[in-house]
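Structure first, then comments.
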Amino acid sequence: MDERERTESSTVRASASVDRNRIARSALSSSGQSLKTSGARPEEVHRRSHRRADAIFRMLALGSGATLLAVMAAIAVFLALQAIPALNANTTNFFTTLGWSPDSIPSSFGIAALAFGSLLTSLLALVISVPVAVGVALATGYYAPRWLARPLTYVVDLLAAVPSVVFGLWGLIYLVPSIVGPSEFLNHYFGFIPLFGTNGTYGKSIFAASVVLAVMVIPIVAAISREVFVQTPRDHIEAAWAIGATKWEVVRTAILPYGRSGVISGTVLGFGRAVGETIAVALVLSANYEISFHILQPGGNTIAANIANRYGEAAAIGRGALIASGLVLFVITLIVNFGARAIVHRSVRKAA
Amino acid sequence: MAHVVKASAVGSGLVRAQLSWRSLAAIAAGAIAVTAVLVATTPLQGLVGSVLVAAVLYILAQTVASGLVEGRRAAINRLATSIVVACTCAAVVPLVAVLGFTIVRGSSVLNGSFLTHTMRGVAEQDPYGGIYHAIIGTLEQVGLATLLAVPFGLLVAIYLVEYKNGRLGRAVSFFVDVMTGLPSIVAGLFIFALWILALGRSFSGFAGSLALTILMLPTVVRSAEEMLKVVPDSLREGSYALGLPKWVTVVRVVLPTALAGIVTGVMLAIARVTGETAPLLVTVFGNTGLNWNPFAGAQASLPLFVFGEAGLPNETAINRAWAAALVLILIVLLLNIIARAITRFVSFRR
């Protein structure tokens, strides 16, 4: 055994010109050194210690994987544990109450207005961002010339890297004042649609928050859509060209049908991002606890923004109430993520 | 050649006439002229609104003209191309606006004194004060989170690539994906519920690091997993053939080969969590003074500083928020650029 190892080692030295083995060789020579220093019957100790080290390393890797699962379980468990006292103290129905005064006596708070606001802002953000993102994905994947496509992709990726608090600051200082004009325009000409009705004031509205969220969601939807678009089989595209299709007809008949699953899963993941976004919304919205479809007037709230706004002032019950709302948010994002994976999974199977 | 064919084919009726660039330029000029008239006569104001109106007018006129000259299909094709271009502009403009405003507003306040002073004893309306304490806090919190998340994430990735088996492997892989979608505020609330409420610890930078670790993990695991997967099996087999045990193979052969990609993933993960605000709000809490110790007592951090100052009504506070946002963006962009440079450098060498 000892001899074989030595001959192997010398063989490797002989084939030193093979570059691929360079790293393996250096690893071997170093373990060879430890073999020399490890005492009387080196190869025995060496092999046993290696077997133990192998088992330890395997357990470390396995343990890390298991710990990750434990963390996910602990998130649900500890949020629930800390939420229960507050939910018990709540004198009104958690799912239907509009207001949020957990620390007053009697304690009363509910998720209804917050969940409504979260869903409304996120859906509006998707309505704004998904068409734009699909356009960007088509531009970077097919329309832009090569020299432009790469920097464009890079710029859109950078958009995803800007911290949310900076978007919030920008939304608060520049977007909110400058969105008053378009809001008045919409209200003046389309005010008969309830969505655009107002009480005459504009600014820190659901609409403004949705625009900020839309800007933050675009890179996600665009990146995922583009990944799927560029995988469209060359044959489909060439076949479309060959029967005389215009560029748009190629896109409509070959690329969009193939990439539909990518757009859908990107949209769902974008929804997850929008619904969990905290700071940007907390800065832009002026919080209240009403359910209102008047997206142009100040007001509205989301689960995440409410946590950021009310956390500082909350006492024991208040903190438990916020944790309860966080648990609801956690469940919503879990459902959304499961949904997205299921859609991707199904479309992959269909394609196969 | 193609032009000649087109010119001769128009007469034959096989190819329809096309709009020349001159007529397109004329349509553009017309759109701008109409917009100018609208600005002069109607309440339409401002650069953004004017550009929007001009663009819409141009696209409409171009589509109609194309429909008349080139036919319905060509008109729709032109319309689609215009919309794609408009969408791209709509995505790029906010980035330019955010970066532009931050640089312009931030650089007017940013100076050496701002970087080396804290906010202790500085009132909202005072023009001085600085972010020294916030920079220290952010460096410590993100550094600790990196120290925790990188070994943990690497081990999970090694498990997924080298040891994955059966149901547990699939579950880990699936929940890494789910973790990617975990809202940052929920990660913060979890650490708050576990570390501060259940275990009775105080707000501290380390509590924030724990929350950031949860947010870094999926990014580190996914990127490391991708990189470990592309290490050719022949390298592993070569190592086994030399009698090396598996763990030495992984540590000395597989990891060094994938190192560049793993470092890139780690840099992107650091960049992502450096800008996180929400989880720090409920775990680190924020502080106006300097706290060197990340393990005890509330600390400051750059994103928290921006959030706090942005919520104040004073112009001086808003200015400080912009300056801190500029520093934050510079750090995050620098991390991104370094990460991409590593990727490019390594792929270039190959």
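Atom set for the values below is all heavy atoms of this structure, side chains included, hydrogens, waters and symmetry mates excluded. We name chains A, B, ... by the order of the sequence lines, and we start the count at 1 in each one.
For A:Tyr311 and B:Phe192, the gap between ring centers is short of 6.0 Å.
The contact between B:Ile214 and chain A is made entirely by side chain atoms (from C-beta outward), counting heavy-atom distances below 4.5 Å. Residue B:Ile196 does not touch chain A at all, counting heavy-atom pairs closer than 4.5 Å. Residue contact with chain A, scored on non-hydrogen atoms closer than 4.5 Å, involves the backbone and the side chain of B:Ala321 alike. Interface residue B:Ile318: only side-chain heavy atoms are found under 4.5 Å from chain A. Heavy atoms of B:Val250 lying under 4.5 Å from chain A belong exclusively to its side chain. Heavy atoms of B:Tyr163 lying under 4.5 Å from chain A belong exclusively to its side chain. Contacts between B:Thr274 and chain A at a heavy-atom distance below 4.5 Å are absent for every atom of the residue. Using a 4.5 Å cut-off between heavy atoms, B:Leu217 contacts chain A through its side chain alone, with no backbone atom that close. With a 4.5 Å cut-off on non-hydrogen atoms, B:Arg236 does not touch chain A at all. Interface remark: B:Arg105 contributes side-chain atoms only to the contact with chain A (heavy atom separation under 4.5 Å). Using a 4.5 Å cut-off between heavy atoms, A:Leu334 touches chain B through its side chain atoms alone.
For the side-chain contact (heavy atoms from CB on, under 4.5 Å) with B:Val186, the lone residue among A:Ile307, A:Leu329, A:Val331 that qualifies is A:Leu329. Each of B:Thr102, B:Val332, B:Val98 was checked for a side-chain contact (heavy atoms from CB on, under 4.5 Å) with A:Val162, and the lone residue meeting it is B:Val98.
Contact count against chain B (heavy-atom pairs under 4.5 Å) is highest for A:Ile323 among A:Leu138, A:Ile323, A:Val275. Counting heavy-atom pairs closer than 4.5 Å to chain B, the top residue among A:Ile218, A:Val134, A:Leu62 is A:Leu62. Chain A forms more heavy-atom pairs under 4.5 Å with one residue of B:Leu197, B:Thr180, B:Ile158, B:Leu268 than with any other, namely B:Leu197. Between chain A and the residues B:Ala90, B:Ala74, B:Cys89, B:Ala97, the largest count of heavy-atom pairs under 4.5 Å involves B:Ala97.
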- Query: Does the pair B:Tyr159 and A:Ser64 meet the rule for a side chain to side chain contact (heavy atoms under 4.5 Å, CB included), with working shown?
  - Reply: CA-CA 8 Å; B:Tyr159 168 71; A:Ser64 303; 5.9 Å; no
- Is there a side chain to side chain contact (heavy atoms under 4.5 Å, CB included) between A:Phe57 and B:Val251 once you walk through the steps? CA-CA 10 Å; A:Phe57 191 72; B:Val251 174; 3.9 Å; yes
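Between A:Phe338 and B:Phe175, the angle of the ring planes goes over 60°, which puts this pair in the perpendicular group of the 30/60° scheme.
At a threshold of 4.5 Å between non-hydrogen side-chain atoms, the residues B:Ile185 and A:Ile279 do not count as touching.
Here the closest non-hydrogen pair linking A:Gly65 and B:Val172 is O-CG2, 3.5 Å.
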